[in-house]
Amino acid sequence: QCAAQFSRSPSQPFLAKMSYQGTVKFFNGDKGFGFIDQPDGESLFMHRTDIVDGNPGDGDEVTYDLGEDERSGKPKARNVTVRGGGTGQPSGYGGGGGFGGGGGFGSSK
């Protein structure tokens, strides 16, 4: 049996406070999103902002709460924890390129 608690708030319209388990079907670290295969066979969207621990990679086991996407109203994973840390790469905000070619302020060429 499952005992889930449900709550609603303006910032999170629907949230089932219960951990589920699934497997990462696909995760694109560059774009920051992917999908979890749930035990019932359905795929569930996840976004990098909802990952609380680990770096997801394809085939990794995860635990998560079920929530609702604020924009689309569709189900999504929240509070995602990648078991064992994950096999994916850490998210790389900013590729290290920077602006201005590395000359620095006031440098002469």
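For this chain, numbers begin at 1 and follow the sequence in order.
With hydrogens and angles left out, the side-chain atoms of D60 and T87 include a donor and acceptor closer than 3.5 Å.
For K74, the side chain to side chain contact (heavy atoms under 4.5 Å, CB included) partners at least two apart in sequence or on another chain are S72. Take N28 and apply the side chain to side chain contact (heavy atoms under 4.5 Å, CB included) test, not counting sequence neighbours, and it matches F26, D30, K31. Annotation: side chain to side chain donor-acceptor pair (under 3.5 Å) contacts of Q21 (sequence neighbours excluded): none. Applying the side chain to side chain donor-acceptor pair (under 3.5 Å) criterion to T63, with sequence neighbours excluded, gives no partner residue.
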Next item on the list: Could you give me the CA-CA distance, side-chain angles and deciding distance for Y64 and Q38, then say whether side chain to side chain contact (heavy atoms under 4.5 Å, CB included) is met?
Entry: CA-CA 10 Å; Y64 58 93; Q38 300 181 95; 3.2 Å; yes
Next item on the list: Under the side chain to side chain contact (heavy atoms under 4.5 Å, CB included) rule, what do D69 and H47 come out as? Steps first, then yes or no, please.
Entry: CA-CA 10 Å; D69 186 277; H47 190 267; over 6 Å; no
Next item on the list: Go through the steps for T81 and V62 under the test side chain to side chain contact (heavy atoms under 4.5 Å, CB included), then give the verdict.
Entry: CA-CA 6 Å; T81 299; V62 294; over 6 Å; no
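A salt bridge does not link D65 to R78: none of the charged side-chain nitrogens sits closer than 4.0 Å to a carboxylate oxygen. Classification of K25 and D58 as a salt-bridged pair fails, no side-chain N sitting under 4.0 Å from a carboxylate O.
Tested against N79, the residues D53, V52, I51 include a single side-chain contact (heavy atoms from CB on, under 4.5 Å) partner, V52.
For the residue pair L66 and P75, the shortest heavy atom distance occurs at CD1-CB, 4.3 Å. Closest non-hydrogen pair, G73 versus E68, comes out as O-CG, 3.4 Å. In terms of heavy-atom proximity, V82 sits nearest to P56 at CG2-N, 3.8 Å. Nearest heavy-atom pair across D37 and S43 is OD1-OG, 3.5 Å.
To the nearest 0.5 Å, atom OH of residue Y20 and atom CD1 of residue I36 are 12.5 Å apart.
Ring geometry for F45 against F35 counts as perpendicular: the plane angle is over 60°, on a 0 to 90° scale with 30° as the lower cut.
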